[in-house]
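Indexing begins at 1, ligand by ligand and atom by atom, following the structure's order. Both backbone and side-chain heavy atoms feed into the values below; hydrogens, waters and symmetry mates do not.
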Amino acid sequence: MPALRTPLIAPSILSANFAKMGEEIEAIDKQGADWVHLDVMDGHFVPNLTFGPPFLKSLRPYSKLPFDVHLMISPVDLFIEPFVKAGADHITFHIEAGPHAHRTLQTIKSFGIKSGIVLCPATPPEAISQVLDMVDIILVMTVNPGFGGQAFLHSQLPKIRKLRQMVDATGRDIRISVDGGITKETAPLVVDAGADVLIAGTSVYGQENYKNAMDALRYQK
Ligand code: DX5
Ligand code: ZN
């Protein structure tokens, strides 16, 4: 098995102060974040609403870090180009959002950005076995999508392990990111299972000192 990598840290702005989002993004950039995670919700695929491409565009000047855009919307395809134009570096979408994940991946890749696919807690790892040649990022939800601050679902750990095996078998450099309930207690569990990107809202933006919070997730005992 390949050596475990130090995980990348992707703070989720869902838990930041929306009234001063530019400064919130500058702060995590200066304090060592690797990616900025932006949660897009449509009130249909998930029971919550957030923001669209204009908000992303307005934030783009505040950081050169990759904007990791997590689309919790259905349908997906119509919105890919607007998010690319607004400054997305990665677009991840849910395999459950339908109808044609392969076509959606083709569309994302046609813009030359990184493509990602997300699995909800009830979705088995095999659901994405036929598109592993097209993904750069696999995002495992360790809560049900829609809200920050939920409790980590330990039932997802075997799925992360299985996906790590599937990824290693491809020989491709695919990141496995984990989203939901990531804390300094759960981070070592997901990294041990094979995750190499930690998405965290409450555990970064809910803390006083963002640098210490990110270091606590990244450097595990
Ligand atoms: C939930 C979002 C997450 C959320 C995580 O649907 O995808 O990115 O911000 O929040 P925490 O880290 O608080 O569980
Ligand atoms: Zn997310």
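- Around the Zn ion (ligand 2), the angle linking D39 (OD1) with D179 (OD2) is 170°, rounded to 10 degrees.
- Considering every non-hydrogen atom in both N48 and G146, the closest pair reads ND2-O, 2.8 Å.
- Ligand 1 is approached by G181 to a heavy-atom distance shorter than 4.0 Å.
- An N or O contact shorter than 3.5 Å links G201 to ligand 1 by distance.
- Within a 6.0 Å sphere centred on OH of Y62, other residues, nucleotides and ligands contribute 12 heavy atoms or fewer.
- The shortest N or O to N or O distance between V143 and ligand 1 is not below 3.5 Å.
- H70 contributes ND1 as its N, O or S atom closest to the Zn ion (ligand 2).
- Contacts with ligand 1 closer than 4.0 Å are made by heavy atoms of both the backbone and the side chain of T202.
- For atom 6 (O) of ligand 1, the nearest non-hydrogen atom of the protein is G146 N, 2.7 Å.
- Between I137 and D68 there is a side-chain heavy-atom pair separated by less than 4.5 Å.
- Ranking protein heavy atoms by distance to atom 11 (P) of ligand 1, first place goes to G149 N, 3.7 Å.
- H94 and H70 are linked by a side-chain donor-acceptor pair at a separation below 3.5 angstrom, with hydrogens and angles left out of the test.
- The shortest N/O to N/O separation between Q150 and ligand 1 does not fall below 3.5 Å.
- Of the protein's heavy atoms, D179 OD1, 3.5 Å lies nearest to atom 5 (C) of ligand 1.
- With I160 as the partner, the side-chain contact (heavy atoms from CB on, under 4.5 Å) test is satisfied by one option alone out of V191, D192, V140: V140.
- Take the N/O/S atoms of H37: the one nearest the Zn ion (ligand 2) is NE2.
- Counting protein heavy atoms only, atom 10 (O) of ligand 1 is closest to G148 CA, 3.4 Å.
- The side chain of S12, and not its backbone, has at least one atom closer than 4.0 Å to an atom of ligand 1 (non-hydrogen atoms only; side chain from C-beta on).
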